[in-house]
A.B. asks: 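Quick one: the structure is below, and I'll ask about it shortly.
A, B, ... follow the sequence lines: proteins, then strands. Residue 1 opens every chain.
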Amino acid sequence: MRIARYENAQTVAPAPSAAPVTRRRAAKGATRAGAADDTARERPTTAGADGGAGDIARTLMRWYDENARDLPWRRPDASPWSVLVSEVMLQQTQVSRVEPAWKRWMERWPTPAHLAADPPGEAIRAWDRLGYPRRALRLHACAAAIVERHDGVVPDDVEALLALPGIGIYTARAVAAFAFRQRHPVVDTNVRRVVARSVAGTADGGANTTPADLRAVEVLLPEDHEEAARASIAFMELGALICTSRAPRCPECPLADVCAWRRAGFPPSDSAKRTQQYHGTDRYVRGLLMAVLRASDDPVPAERLDAVWPDADQRRRALAGLLTDGLVNQRHDTYTLPG
DNA sequence: GACTCGTGGTG
DNA sequence: TCACCAAGAGT
């Protein structure tokens, strides 16, 4: 795990303190020595005293059993295709926004062959406002590749998955682990953060998954494949629910007793946050153009696209980019989603 | 490795 | 309010 840089104190979550409810209990008076920190009582389990790697995974799995969200793509009857779709939708998009879109998507296109049989523009339209519509286009291309290369069956090995459009280092491993219950380190931003804090003692992980990250997580996984798959999703769930980027709930964390970041006094991160404005950017104008095209069943005249944004130069850049990306087709002076 | 690519939730 | 940030991938 790459050692994190330090960010300015402003963006760092305050070192977690006892919640009011724990204060009340403390006021009643804990007499046992060492019981003053009754935040420990709120933790369902604690990691083993030796702090071994296996203990972290097992502690996390026990915590996961009690605290995991009931998400449809995690259910035992979820198909590999449905898991793959969920993973692509979840790339940079919150669970709360993905869930309804995923349900509609799976009802309409229950297999790769169903999706591949429809034009890519329909995938882009159904993607609606999930963001990054190139993901929809790649997911459609992914379905077509699965049909062509794998007889419509989602492949179960990482290398074959990695070769599919829109499937990168994270998603390939996530599908192999969660859909096929294989033993692979699955490293996303949540896992990088959990391991950076609990093991390395730094506030956050790196921006991308490195081979070193994969090795650091691999040694934490149980040997058993099914248990490794459960541990992997438990790491992610802890990062999503407890060990969050902004306001971690350390008093509720099952790893609090072994957390290196906590032991070190919650040293801040110095990772430079890049100021990202959205409104008025080329990306924003792309979004405006795509919204018009998604909403129309007929070819859209250029004048209608011209109306979405006053800056003609910016409009032209955005539209050119969309054409280059294959998200938009041009016919004479009209535009459509790709057919 | 830095940069691009949407949209909305949140503290 | 507003800056951060959310299960990354591709170039």
A.B. asks: Within this structure, what is the CG-to-C1' distance between A:L238 and C:dA6, rounded to whole angstrom?
C.D. replies: 17 Å

A.B. asks: Grab the CD-P distance between A:E99 and C:dA7 for me, whole Å please.
C.D. replies: 15 Å

A.B. asks: With side chains defined as the heavy atoms from C-beta onward, is the minimum distance between A:W261 and A:T202 less than 4.5 Å?
C.D. replies: no

A.B. asks: Once you round it to whole Å, what is the distance between P of C:dG10 and CG of A:L137?
C.D. replies: 12 Å

A.B. asks: I'd like to compare against my own output: the B/S/- annotation of nucleotides 5-11 of chain B with a strict under-4.0 Å heavy-atom distance to protein.
C.D. replies: BBBBBB-

A.B. asks: Counting C-beta onward and ignoring hydrogens, is there a side-chain heavy-atom pair between A:V300 and A:T336 closer than 4.5 Å?
C.D. replies: no

A.B. asks: Should A:T59 and A:I56 count as side-chain neighbours, where that means a heavy-atom distance under 4.5 Å?
C.D. replies: no

A.B. asks: Working note: A:R75 + A:D70, criterion salt bridge (Lys or Arg N to Asp or Glu O under 4.0 Å); need CA distance, chi angles, decisive distance, verdict.
C.D. replies: CA-CA 8 Å; A:R75 290 170 191 165; A:D70 176 26; 3.2 Å; yes

A.B. asks: Can you check the A:Q277 CD to C:dC4 P distance for me, whole Å?
C.D. replies: 12 Å

A.B. asks: Determine the interatomic distance between P on C:dT11 and the same-named atom on B:dG6; round to the nearest Å.
C.D. replies: 14 Å

A.B. asks: With side chains defined as the heavy atoms from C-beta onward, is the minimum distance between A:V95 and A:R69 less than 4.5 Å?
C.D. replies: yes

A.B. asks: Contact list please: residues 153-173 of chain A against DNA chain B, heavy atoms, distance less than 4.0 Å, in numerical order.
C.D. replies: none

A.B. asks: Which is true for A:W73 with a 4.0 Å heavy-atom rule: it touches a base, it touches only sugar-phosphate, or it touches nothing?
C.D. replies: base

A.B. asks: Is there a side-chain contact between A:V98 and A:W73, using heavy atoms and a 4.5 Å cut-off?
C.D. replies: yes

A.B. asks: A:R69 has an atom CZ; how far is it from atom P of C:dA7, in whole Å?
C.D. replies: 8 Å

A.B. asks: What does A:S86 touch in the nucleic acid at a heavy-atom separation under 4.0 angstrom: a base, only the sugar-phosphate, or nothing?
C.D. replies: nothing

A.B. asks: Within this structure, what is the CG-to-P distance between A:L214 and C:dG8, rounded to whole angstrom?
C.D. replies: 14 Å

A.B. asks: Evaluate the side-chain proximity of A:N67 to A:E237: yes if any heavy-atom separation is below 4.5 Å, no if none is.
C.D. replies: no

A.B. asks: Report the distance from atom CD of A:E87 to atom P of C:dG8, rounded to the nearest whole Å.
C.D. replies: 9 Å

A.B. asks: Go nucleotide by nucleotide along DNA chain C from the 5' end; which of A:R138 and A:M236 gets its closest nucleotide reached first?
C.D. replies: A:M236

A.B. asks: Using salt bridge (Lys or Arg N to Asp or Glu O under 4.0 Å), reason through A:D313 and A:R317 one step at a time and then give a plain yes or no.
C.D. replies: CA-CA 6 Å; A:D313 205 46; A:R317 275 202 308 274; 3.3 Å; yes

A.B. asks: Quick one: does any side-chain atom of A:R192 pair with a main-chain N or O of A:G206 as donor and acceptor, under 3.5 Å?
C.D. replies: yes

A.B. asks: Give one of base, sugar-phosphate or nothing for A:R317, where a contact means two heavy atoms less than 4.0 Å apart.
C.D. replies: nothing

A.B. asks: Just the rounded figure in Å: distance from P of C:dC5 to CG of A:L241.
C.D. replies: 18 Å

A.B. asks: Please measure how far the P atom in B:dG11 lies from the corresponding atom in C:dA7, and state the result in whole Å.
C.D. replies: 13 Å

